[in-house]
Amino acid sequence: MKLYEENNLVILEDVENFDARAIFTCGQAFRWYEEKDGSFTTVHLGRVLNVLNEKDRVVFKGTNLEEFKEIWVDYFDLNTNYKEIRKTLSGNEILVNAMEYGKGIRILNQNHFEMLISFIISANNMIPRIKKSIEVISMRYGKFICEDENRKYYSFPTVEELSNATVEDLREFAKVGFRDKRIFDTVNMILNDKIDLNSFESLETDVLREELLKFSGVGNKVADCIMLFSYKRGEVFPVDVWIKRVMEKLFIKQETPVKKIAKEADRIFGKYAGYAQQYLFYYGREEKIGK
DNA sequence: CAACAGGTCGCTG
DNA sequence: CAGCGACCTGTT
């Protein structure tokens, strides 16, 4: 991996596993925009970044080398060796297909609070609507960052900022539906109990899950997503309807309850189950496996 | 117009 | 504690 700055752009070369489309559309992130030139623009920690895949390199616009190393290397999980992970997982023939299909996927390390709220919204919901709700929430309660020819950008609100939202506002403007009270209760629980989501980083995975399950709107699937996309728990295997279908169709070969699917995944994929989940999700949804 | 979509909650037995 | 219906919203 080679990283350097040139003409106000940060360039990444010699990275074999980086496909912006796969990264942003594999279901882990909601704050990205696909641009006309095929690049993707994303917002993270109050910063706006444009990412363009070229033939043999990735071009980042809107940052500099120093900030890139400080913020974006961790965000894009660039210190993780995906080739090695894929090699470890390659004992499974079915998974090899999916991995080849989505070999440019990387698991982003996103903000804890943003993931908590985003995945509460994701419950029984669809990606376009989830994105819209998060956009409205950022616009109304976050801070204005900047503006370009395409749109205005706002940061995802802090806990304090989002505590300005009433249940009614969340429903009326953000269109979160019955998740309005869950968001409101979760925000107020963090505030009232003075919960520090950063302090969760050091918890063991099972303890972390227990803590996350205490929030309103957080069940097993949502907790697993938060752990995988924000707490670097590569061993967890979130089971949604898509993954359920993929696992039933390709691996277990019969209808199986969600709880047993997670167990099976742990048995088959081990400590890299979360990475396997991302490859399978992307593959399964693109190819409509089981539908 | 009914069904459905990236689950969770709350109520039963 | 497993099972099951209800649930916003917007699209098909």
Side-chain angles (χ1 to χ4, degrees), chain A residues 21-32 98 101-102 105 107-108 110 114-137 139-140 165-190 206 208-230 233 236-250 255-263 265 273-291:
Chain A
R21 175 179 302 282
I23 291 171
F24 288 119
T25 66
C26 68
Q28 60 177 325
F30 303 107
R31 295 211 70 190
W32 49 265
Y101 196 90
I105 288 175
I107 296 185
L108 299 172
Q110 303 179 72
E114 182 173 338
M115 288 300 97
L116 173 58
I117 301 301
S118 297
F119 279 98
I120 288 174
I121 295 172
S122 81
N124 191 229
N125 208 341
M126 300 181 295
I127 291 177
R129 265 179 49 210
I130 301 167
K131 289 181 71 172
K132 218 166 278 177
S133 291
I134 294 170
E135 189 68 21
V136 171
I137 285 175
M139 209 177 298
R140 286 183 75 87
T166 64
V167 175
E168 292 73 23
D169 285 353
L170 288 168
R171 182 166 293 213
E172 184 179 354
F173 300 112
K175 308 288 184 192
V176 299
F178 57 78
R179 308 161 193 85
D180 55 357
K181 194 173 177 341
R182 299 175 182 176
I183 296 170
F184 184 86
D185 288 346
T186 291
V187 169
N188 281 95
M189 181 167 146
I190 294 175
D206 287 341
L208 174 59
R209 181 182 284 105
E210 290 307 309
E211 288 303 314
L212 292 172
L213 287 173
K214 290 178 185 169
F215 292 116
S216 175
V218 178
N220 262 274
K221 190 268 176 182
V222 168
D224 281 356
C225 284
I226 298 167
M227 288 195 287
L228 184 58
F229 305 136
S230 178
R233 307 305 164 112
V236 303
F237 191 90
V239 181
D240 54 45
V241 291
W242 285 99
I243 281 295
K244 184 173 186 289
R245 288 195 282 255
V246 170
M247 290 298 288
E248 287 170 344
K249 178 106 179 157
L250 301 183
E255 271 232 32
T256 312
V258 169
K259 209 167 178 181
K260 204 175 165 198
I261 288 179
K263 253 186 172 166
Y275 297 90
Q277 196 268 9
Q278 285 297 279
Y279 292 121
L280 290 172
F281 180 82
Y282 186 68
Y283 176 69
R285 213 176 50 136
E286 297 284 310
E287 295 291 308
K288 305 195 185 312
I289 304 287
K291 274 223 83 176

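Residue numbers start from 1 in every chain, and the chains themselves are labelled A, B, ... in the order their sequence lines are given, proteins ahead of strands.
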Practice prompt. Please identify each residue that fulfils salt bridge (charged side-chain N to carboxylate O under 4.0 Å, His left out) with A:Lys131, with sequence neighbours left out.
Written response: none
Item to complete: Go through the structure and list residues passing salt bridge (charged side-chain N to carboxylate O under 4.0 Å, His left out) with A:Lys260, not counting sequence neighbours.
Response: none
Worksheet item: Which pairs with one or both residues in residues 221-230 of chain A pass salt bridge (charged side-chain N to carboxylate O under 4.0 Å, His left out), sequence neighbours excluded?
Response: A:Arg209-A:Asp224
Response to the item:
Hits for side chain to side chain donor-acceptor pair (under 3.5 Å) against A:Glu211, two or more places apart or cross-chain, chain-then-number order -> A:Lys214
Discussion item. Please give the distance between the P atoms of B:dG6 and C:dG3 as a whole number of Å.
Written reply: 24 Å
Item to complete: Please identify each residue that fulfils side chain to side chain donor-acceptor pair (under 3.5 Å) with A:Asp169, with sequence neighbours left out.
Response: A:Thr166
Measure all distances between protein nitrogen or oxygen atoms and nitrogen or oxygen atoms of nucleotides 6-9 of chain C, and list the pairs falling under 3.5 Å.
unit_1, atom_1, unit_2, atom_2, d
C:dC8, O5', A:Arg171, NH1, 3.1
C:dC8, O5', A:Arg171, NH2, 3.3
C:dC8, O4', A:Phe178, N, 3.1
C:dC8, O2, A:Arg129, NH2, 3.1
C:dC8, O2, A:Arg179, NH1, 2.8
C:dC8, N3, A:Arg179, NH2, 3.4
C:dC8, N4, A:Asn124, OD1, 3.3
C:dT9, O2, A:Arg129, NH1, 2.1
C:dT9, O2, A:Arg129, NH2, 3.4

Discussion item. Checking A:Glu287 now: which residues fulfil salt bridge (charged side-chain N to carboxylate O under 4.0 Å, His left out) with it, not counting sequence neighbours?
Written reply: none
Worksheet item: What pattern of brackets, bars and dots sums up DNA chain B from 5' to 3', given Watson-Crick or G-U wobble pairs under 3.5 Å, [ ] for crossing pairs and | for another strand?
Response: .||||.|||||||
Worksheet item: Only one of A:Thr186, A:Asn188, A:Val187 forms a side-chain contact (heavy atoms from CB on, under 4.5 Å) with A:Phe184, so which one is it?
Response: A:Asn188
Worksheet item: Using a cut-off of 4.0 Å on non-hydrogen atoms, how would the nucleic acid contact of A:Phe119 be classed: base, sugar-phosphate, or nothing?
Response: nothing
Worksheet entry | Residue list, salt bridge (charged side-chain N to carboxylate O under 4.0 Å, His left out) with A:Arg171, at least two apart or on another chain | A:Asp180
Fill in: C:dC8 and B:dC11, which share atom name P, separated by this distance in whole Å
15 Å
Worksheet entry | Value in whole Å for how far the P atom of B:dT8 lies from CD1 of A:Ile183 | 14 Å
